[in-house]
Amino acid sequence: MLMRYQRPKGTADILPGDSQIWQYVEATARKLFATYRFDEIRTPMFENFEVFSRTSGDTSDIVTKEMYDFKDKGDRHLSLRPEGTAGVVRAFVENKLYGPETQKPYKVYYMGPMFRYERPQSGRQRQFHQIGVEAFGSDAPELDVEVIALGMTLLGKLGLKHLRLALNTLGDKKSRDAYRQALIDFLEPHFEELSDDSKVRLHKNPLRVLDSKDKHDQAIVADAPSILDFLTPAATSHFDRVKASLDALGIAYDVDATMVRGLDYYNHTIFEIMADSPALGEGYTTVLAGGRYNGLVEELGGPDMPGVGFGLGVERLVLLMQAEKVAVPNDNALDVYVVGIGDETSLETLKLVQSIRAAGLTADRDYLGRKPKAQFKTANRLSAAYTLTIGSQELADQTANLKSMATGEEISVPLADIYQDFEKVVTTKFTAK
RNA sequence: GCGGUAUUGGUGAAGUGGUUAACACACCGGAUUGUGGUUCCGGCACGCGUGGGUUCGAUUCCCACAUACCGCCCCA
C-alpha cells in the first residue's frame with residue numbers, strides 16, 4: 001500500500017451533500033446583502049504581514065501566536081489572512097475608495113477562507129470561513145444598527161433560533177483610555193489573587209480580564225468599574241442612539257458591559273450574536289461578531305474615515321443549522337434516468353441524455369454496463385421522476401418507453417418527439433397527471 | 001502553547017496475546033430470458049491510525065508520532 005495522505009491539521013473537505021448547505025448559506029447571504037445594497041469585494045487571501053499586525057494590535061494573540069506568516073522567495077513578509085476586515089480596509093485605502101466619487105457609506109461584503117494557527121475543535125479550524133460586511137464613511141449610529149439588523153436577519157433567514165444579541169460600547173479613545181486606567185487601578189490591589197492568565201492580561205490587555213472564565217476572577221471582576229461610567233458625552237450619545245434605534249426596530253438586546261474584543265481596532269459599538277445550541281458546547285456561543293472601527297482606515301494610510309462591520313463563522317453557522325435541522329432546498333433533483341439495455345443502445349442513450357439536458361432538465365444514465373433491473377433501482381434511489389428505456393427493439397422502431405416512476409404508467413414514444421420537444425411529451429402523453 | 005479522551009471495513013460497531021476479525025447498515029451480484037421501494041441467497045477488512053519496541057507470536061502490552069474530539073488560552 002502506498003503512502004496515504006491526510007489533510008493538514010485543522011482543515012476540512014467539504015463534500016457533496018455538505019457543500020449544498022454551504023451554497024445555500026452563501027446564496028442566501030448574497031441575496032440578503034443585495035437588498036441592503038452591499039456589493040461583493042474580493043481581496044487576496046494573503047497580505048503583507050504589517051496589514052494585520054498594525055490593525056489587529058501587535059500584542060493581540062492573533063498576531064503573536066495564531067498568524068500563518070511566512071517569507072516568500074522575494075523575502076517579503078506575508079501572512080495568510082486571519083480575518084477579513086484588515087484586507088478590505090487595505091483595499092479600500094489602496095483603491096482610494098474614500099474619494100468623493102464613491103457613495104458613502106461605501107458598503108461591501110466578502111466571503112472566503114481565513115487562517116489561524118490554533119488548536120482545532122468542533123467549529124474551529126485552522127482554515128475556516130467567514131462571511132462579513134463592512135460599511136465605510138458614516139458615523140451614524142443608525143448605520144451600526146443597520147449592520148446589526150443585517151446580521152440578525154441573515155441568521156434568522158438561515159433558520160437559527162434562540163439567538164441573543166449582546167451589545168456593548170468601547171467608547172472613543174478617550175473613554176477607553178480612561179477606563180483602561182481605572183480598571184488597572186482597580187485590579188492591581190487584587191493582583192496576587194488573580195489567575196495566572198489574568199495576571200498576564202492585566203497589563204497586556206486589562207479588558208480581557210473582564211471575561212475570564214476563572215470563577216475567582218469573575219468574583220473579583222464583579223465589583224470592577226464599568227466602561228459605561230467612563231464614556232465621554234459623545235460616546236454616550238452614540239451608544240444611546242444605537243440602543244434607541246434597536247428599540248425602534250424591535251430588536252432585543254442585552255447590554256454586556258464586560259464584553260470585549262480580541263482585535264484592537266474596535267471602538268464604540270461592539271456586538272455579538274450568540275446561539276444557544278449543544279452543537280457548539282454548553283451555553284451560548286458566538287456565531288457573528290462585529291462593531292465599529294473608526295480609526296482603522298487612517299491606521300492603514302487613508303483619511304480619517306469611520307467604518308463598521310461584522311464577520312460570521314461559516315463552520316459554526318453550518319453546525320448550528322445542522323443541529324437545528326434546517327431544511328436546505330435540494331435543487332439537483334433528477335428529472336429523467338435513461339435506461340439502456342444492451343451495448344448497442346449506448347450511443348442512443350447518450351444522445352437522449354444530452355438532448356434532455358439541452359432542454360433544461362436534469363438527466364443521467366448508466367455507465368457501468370449494468371442490467372435493467374439495477375438501472376431501475378438506481379433511478380429509484382436517485383428519485384428520478386421519469387425513466388426512459390431503450391433496448392434493441394425500441395432502437396429498431398425508433399421509439400423509447402417513457403415511464404412515470406410515481407404512477408408506474410409507461411408509454412411508448414417516438415424518439416423524434418423526444419428530440420423535438422421532450423417537455424411536451426411529458427406533459428401531454430400520460431393519461432394521469 | 002498546556003491538560004484529557006479516542007483511533008478496527010464505505011458507515012455504526014463487537015472482539016481476542018496465537019488456526020477463517022462477530023453483527024448491522026450501505027454497496028454490488030443472483031432468485032429462468034428487458035423494469036424500481038418488500039423477501040430470500042451470495043459477495044464485500046490479506047487488515048485493526050503510522051512507526052518502533054516487548055514476545056516464540058500483537059489488532060490486542062509498552063513508547064513515540066499523527067489526527068479527531070473535549071477543556072484551557074483565544075476567537076468567528
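Residue numbers start from 1 in every chain, and the chains themselves are labelled A, B, ... in the order their sequence lines are given, proteins ahead of strands.
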Chemist: Hey, are the side chains of A:R116 and A:R126 touching, using non-hydrogen atoms and a 4.5 Å cut-off?
Modeler: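 No. Closest side-chain heavy atoms not under 4.5 Å.
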Chemist: Counting the atoms with a prime plus P, OP1 and OP2 as sugar-phosphate, which does A:Q393 contact under 4.0 Å by heavy atoms, base, sugar-phosphate, or nothing?
Modeler: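 Base, at least one base heavy atom under 4.0 Å.
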Chemist: Nearest to the A:N401 side chain among B:rG29, B:rG34, B:rG36, which nucleotide is it?
Modeler: B:rG34
Chemist: Can you tell me how far C1' of B:rC69 sits from CZ of A:R119, to the nearest Å?
Modeler: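 About 10 Å, once rounded to whole Å.
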Chemist: Given the P atoms of B:rC75 and B:rU59, what is the spacing between them in whole Å?
Modeler: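 Straight-line distance between the two P atoms is 46 Å.
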Chemist: Tell me: NZ of A:K403 to P of B:rG37, nearest whole Å?
Modeler: 10 Å
Chemist: Does any part of the side chain of A:T85, heavy atoms only, come nearer than 4.5 Å to the side chain of A:Y265, both counted from C-beta?
Modeler: yes
Chemist: By the 4.0 Å heavy-atom rule, please label A:K371 as base, sugar-phosphate, or nothing.
Modeler: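 The residue A:K371 makes sugar-phosphate contact but no base contact.
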Chemist: May I ask you to test the A:I148-A:L249 pair for a side-chain heavy-atom distance under 4.5 Å?
Modeler: no
Chemist: For the residue pair A:I273 and A:R164, establish whether any side-chain heavy-atom pair is separated by less than 4.5 Å.
Modeler: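 In short, these two side chains do not touch, never coming nearer than 4.5 Å.
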Chemist: Provide the distance between the two P atoms, one in B:rG53 and one in B:rU16, to the nearest whole Å.
Modeler: 27 Å
Chemist: Dot-bracket, 5' to 3', for RNA chain B please: Watson-Crick or G-U pairs under 3.5 Å, [ ] where pairs cross earlier ones, | where the partner sits on another strand, dots elsewhere.
Modeler: (((((((..(((.....[....))).(((((.......))))).....(((((..]....))))))))))))....
Chemist: Hey, which sits more toward the 5' end of RNA chain B by its nearest nucleotide, A:T387 or A:Q125?
Modeler: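 Nearer the 5' end of the strand: A:T387.
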Chemist: Without decimals, in angstroms, what is the distance between A:Y386 OH and B:rG36 C1'?
Modeler: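 Going from A:Y386 (OH) to B:rG36 (C1'), I get 16 Å.
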Chemist: Would you mind reading off the distance between A:Q121 atom CD and B:rC72 atom C1', rounded to a whole angstrom?
Modeler: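 Distance, rounded to whole Å: 9 Å.
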Chemist: What is the nucleic acid contact for A:G408, judged by heavy atoms within less than 4.0 Å: base, sugar-phosphate only, or nothing?
Modeler: base
Chemist: Work out how far the C1' atom of B:rG15 is from that of B:rA31, and round it to whole angstrom.
Modeler: 34 Å
Chemist: Under 4.0 Å between any heavy atoms, over every strand shown, what does A:A289 touch: base, sugar-phosphate, or nothing? Just pick one.
Modeler: sugar-phosphate
Chemist: Is it the case that the ring center of A:F33 lies less than 6.0 angstrom away from the ring center of A:Y109?
Modeler: yes
Chemist: Please state how far atom NZ in A:K377 lies from atom C1' in B:rA26, giving the value in whole angstrom units.
Modeler: 12 Å
Chemist: What are the two closest heavy atoms between A:T399 and A:S412, and how far apart are they?
Modeler: CB-OG, 3.7 Å
Chemist: Which whole-number value in Å describes the distance from A:E118 CD to B:rG1 P?
Modeler: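 Rounded to whole Å, this separation is 12 Å.
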Chemist: Could you give the CG-to-P distance, from A:D364 to B:rG36, as a whole number of Å?
Modeler: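 Atom-to-atom, A:D364 to B:rG36, this comes out as 20 Å.
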Chemist: Rounded to the nearest Å, what distance is computed from the CE atom of residue A:M67 to the P atom of nucleotide B:rC75?
Modeler: 14 Å
Chemist: Of the nucleotides B:rG34, B:rC28, B:rG36, which one has an atom closest to the side chain of A:M405?
Modeler: B:rG36
Chemist: For A:E410, answer base if it contacts any base atom (sugar-phosphate contacts may also be present), sugar-phosphate if it contacts only those atoms, and nothing otherwise; contact means non-hydrogen atoms under 4.0 Å.
Modeler: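 The residue A:E410 makes base contact.
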Chemist: Should A:K9 be listed as having a side-chain N or O under 4.0 Å from OP1 or OP2 of B:rU67?
Modeler: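 Answer is yes, contact under 4.0 Å.
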Chemist: Measuring only the C1' atom in each nucleotide, how far is B:rU38 from B:rU19? A whole number of Å is fine.
Modeler: 40 Å
Chemist: Students often get this wrong, so: under 4.0 angstrom with heavy atoms, is A:R124 touching a base, only sugar-phosphate, or nothing?
Modeler: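 A:R124: base contact, heavy atoms under 4.0 Å.
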Chemist: Need one value for A:R381: base, sugar-phosphate or nothing, where a base atom within 4.0 Å counts as base even if backbone is also close, heavy atoms only.
Modeler: sugar-phosphate
Chemist: Minimum heavy-atom separation for A:P120 and A:K9, please, with both atom names.
Modeler: CD-CE, 3.8 Å
Chemist: Could you work out which one of B:rU67, B:rG29, B:rG34 sits closest to the side chain of A:A374?
Modeler: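 Output: B:rG29.
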Chemist: Between B:rA66, B:rG34, B:rC69, which one does the side chain of A:P372 approach most closely?
Modeler: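 That would be B:rG34.
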Chemist: Looking only at the side chain of A:S122 (C-beta and beyond, no hydrogens), which of the listed nucleotides B:rC69, B:rG36, B:rC74 gets closest?
Modeler: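 For the A:S122 side chain, the nearest candidate turns out to be B:rC69.
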Chemist: Where do A:L143 and A:A135 come nearest, in terms of heavy atoms and distance?
Modeler: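 Closest heavy-atom pair between A:L143 and A:A135: CD2-CB, 3.9 Å.
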Chemist: So what does A:G10 hit on the nucleic acid, given a heavy-atom distance under 4.0 Å: a base, only sugar-phosphate, or nothing?
Modeler: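 The residue A:G10 makes sugar-phosphate contact but no base contact.
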Chemist: Expressed in whole Å, how much space separates the C1' atoms belonging to B:rC44 and B:rU7?
Modeler: 23 Å
Chemist: Could you tell me whether A:I341 contacts a base, only the sugar-phosphate backbone, or nothing, with contacts defined as non-hydrogen atoms closer than 4.0 Å?
Modeler: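 Counting heavy atoms under 4.0 Å across all strands, the contact made by A:I341 includes a base.
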Chemist: Of the options B:rC74, B:rG34, B:rA76, whose atoms approach the side-chain atoms of A:E66 most closely?
Modeler: B:rC74
Chemist: Taking the six-membered ring for Trp, are A:F136 and A:Y106 closer than 6.0 Å centroid to centroid?
Modeler: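 Ring-ring flag for A:F136/A:Y106: false, centres at least 6.0 Å apart.
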Chemist: Can you check the distance between B:rA14 and B:rG1, where both ends of the measurement are the C1' atom (answer in whole Å)?
Modeler: 38 Å
Chemist: Using the closest heavy atom to pick a nucleotide of RNA chain B for each, name whichever of A:G311 or A:Y117 lands nearer the 5' end.
Modeler: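 In this pair, the answer is A:Y117.
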Chemist: Write down the distance separating the P atoms in B:rG36 and B:rG30, rounded off to the nearest Å.
Modeler: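 Going atom to atom, P in each nucleotide, I get 12 Å.
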Chemist: Please name the pair of heavy atoms, one in A:G87 and one in A:T43, separated by the smallest distance, quoted to 0.1 Å.
Modeler: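 Scanning both residues completely, I find the closest heavy atoms to be O-CG2, 4.0 Å.
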Chemist: Which value, in whole Å, describes the distance between the P atoms of nucleotides B:rC62 and B:rU5?
Modeler: 13 Å
